[in-house]
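Okay, so here's the structure we're looking at.
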2 protein chains.
Amino acid sequence: MERAAVETPKRKPRADALRNRENLIEAAKEVLGKGGPDASLEAVARRAGVGIGTLYRHFPDREALFHAVFGRELTQLADMADRLDGGSDEVEALRVWLHANVALVETKRGMLGALSIVLTEESKQSFAEQSSRIADALNRLLASGVAEGRVREGVSAEDVMQTMYALCYARSPGESWRRDVLRLLDIFLDGLRQRSATGR
Amino acid sequence: MERAAVETPKRKPRADALRNRENLIEAAKEVLGKGGPDASLEAVARRAGVGIGTLYRHFPDREALFHAVFGRELTQLADMADRLDGGSDEVEALRVWLHANVALVETKRGMLGALSIVLTEESKQSFAEQSSRIADALNRLLASGVAEGRVREGVSAEDVMQTMYALCYARSPGESWRRDVLRLLDIFLDGLRQRSATGR
DNA sequence: TTGCTATCCGGAGGCACCCTCCGTATATTG
DNA sequence: CAATATACGGAGGGTGCCTCCGGATAGCAA
């Protein structure tokens with residue numbers, strides 16, 4: 001039985017390894033952006049000017065690669081979320097953030113499917129920090145809205161996020177993609193508001 | 001130049017061909033139901049006890065097979081839609097139909113992705129009849145709701161359908177799948193109602 | 001500098017799937 | 001029953017997935 005030791009890394013990572021990793025992420029952005037989440041990983045490797053073996057060493061599976069790709073975008077969104085301020089209309093604040101989100105998504109429609117992979121339960125772990133920053137920010141907003149009687153109860157940050165991505169995903173690309181997504185999203189957000197007492 | 005003739009079929013179709021086609025559809029239901037829309041078509045052929053060539057002769061591509069599979073379910077939904085009656089609350093009627101739809105979807109979650117393929121613009125053609133029966137029914141409902149001032153304008157049947165499928169699709173399977181989908185759907189439907197004059 | 005070796009690279013290889021093509025088998029018809 | 005239009009099945013060529021390992025090379029020590 002070895003000690004389950006706190007492995008002291010013997011050396012610093014090799015320069016070529018770092019370089020290749022970077023190239024792979026960059027290539028993945030391009031290839032996955034165009035080809036969608038099912039794009040060939042071999043194509044990614046080719047584009048990065050690297051052997052397929054190298055790709056798989058750095059990213060054991062498709063998901064790992066996606067994680068690497070989305071890490072930065074996610075950070076961006078998390079920053080945005082942190083700056084959210086409900087003011088007198090939490091739903092409106094939410095709307096602003098979601099719209100920004102949709103806009104950002106639009107630039108990488110091809111990765112939408114990838115995103116849905118990333119949002120899987122098991123994979124949340126690796127994104128723990130940004131994920132929870134976002135979730136916290138949105139939940140804070142929602143809670144405040146509920147407290148003020150402006151937002152209906154029982155809706156979580158996750159609900160809102162998933163709905164947004166679902167709408168982005170469902171709408172097929174084209175001319176009016178963005179307009180349509182935002183329209184449907186706004187309908188959902190309206191439903192999020194506390195209904196007046198008329199409601200059945 | 002031949003006459004662009006009204007080809008008189010020389011013979012009636014062979015019995016084995018019909019049988020195989022039926023087996024293939026049945027096999028497809030099972031395999032696609034479990035394996036999702038990316039399941040192997042070769043697996044479908046194997047399950048149907050038929051060569052891969054036979055599958056491709058009957059269904060030139062994946063989509064054609066999905067069409068065949070969904071034809072019947074779609075008819076079912078269309079029948080249901082035809083019987084829709086807005087009464088005094090169109091949104092409620094819509095809600096009933098959509099809930100039934102979700103329930104039906106639940107029994108074949110694996111085919112959800114397939115459905116999204118089927119709902120593609122180009123493929124609408126082959127479903128012209130059922131598709132438009134459904135669309136007509138829903139649009140009738142929506143129009144009536146708008147006329148009565150109970151439903152917001154600018155929302156089409158397609159919007160509603162896509163949103164429903166999006167929500168079904170986004171929510172990962174599990175314990176609370178159905179409850180969650182219905183909850184989010186209801187929020188959307190609430191948003192669909194005409195807002196009272198309070199609105200931002 | 002030089003040599004050692006941990007680390008990393010690249011792509012061949014085995015497997016699965018996609019879809020096409022065509023020689024063979026058979027249901028239908030007269 | 002024979003003739004033949006139809007349909008069958010699977011081999012084959014292409015692509016992608018992922019693993020594995022012989023060879024290359026960067027970092028380190030002397």
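Below, chains carry the letters A, B, ... as their sequence lines are ordered, and counting in each starts from 1. All values below come from the heavy atoms of this structure, side chains included, with hydrogens, waters and symmetry mates left out.
Rounding to the nearest 0.5 Å gives a distance of 4.5 Å between NE2 of His99(A) and CG of Leu182(A).
For the residue pair Asp180(B)/Ser176(B), the side-chain donor-acceptor check at 3.5 Å is satisfied.
One finds no side-chain N or O of His58(A) lying less than 4.0 angstrom from the OP1 or OP2 phosphate oxygen of dC8(C). Within the 4.0 Å cut-off from OP1 or OP2 of dG9(D), at least one side-chain nitrogen or oxygen of Thr54(B) is found. Residue Arg62(A) places none of its side-chain N or O atoms closer than 4.0 Å to OP1 or OP2 of dG16(D). For dT26(C), neither phosphate oxygen OP1 nor OP2 lies less than 4.0 angstrom from any side-chain nitrogen or oxygen of Arg14(B). Contact annotation: Arg11(A) side-chain N/O to dT7(C) OP1/OP2 distance is not under 4.0 Å. The side chain of Ser40(B) contributes an N or O atom lying less than 4.0 Å from OP1 or OP2 of dC18(C).
With DNA chain D read from its 5' end, the first of the two nearest nucleotides for Arg57(A) and Ile52(A) is the one closest to Ile52(A). Take the nearest nucleotide of DNA chain D for Ala15(A) and for Ala39(A): the residue whose nucleotide is more 5' is Ala39(A).
Within 4.0 Å (heavy atoms only), Arg46(B) reaches sugar-phosphate atoms of the nucleic acid but no base atom. Using a 4.0 Å heavy-atom criterion, one finds that Asn20(A) contacts the sugar-phosphate atoms exclusively.
Put simply, the residue from Asp89(B), Asp190(B), Asp186(B) that forms a side chain to side chain donor-acceptor pair (under 3.5 Å) with Arg95(B) is Asp186(B).
Closest approach to the Asp16(A) side chain among dC8(D), dC8(C), dT29(C) is made by dC8(C) (side chain taken as heavy atoms from C-beta onward).
Using a 4.5 Å heavy-atom cutoff, the side chains of Glu90(A) and Leu142(A) are not in contact.
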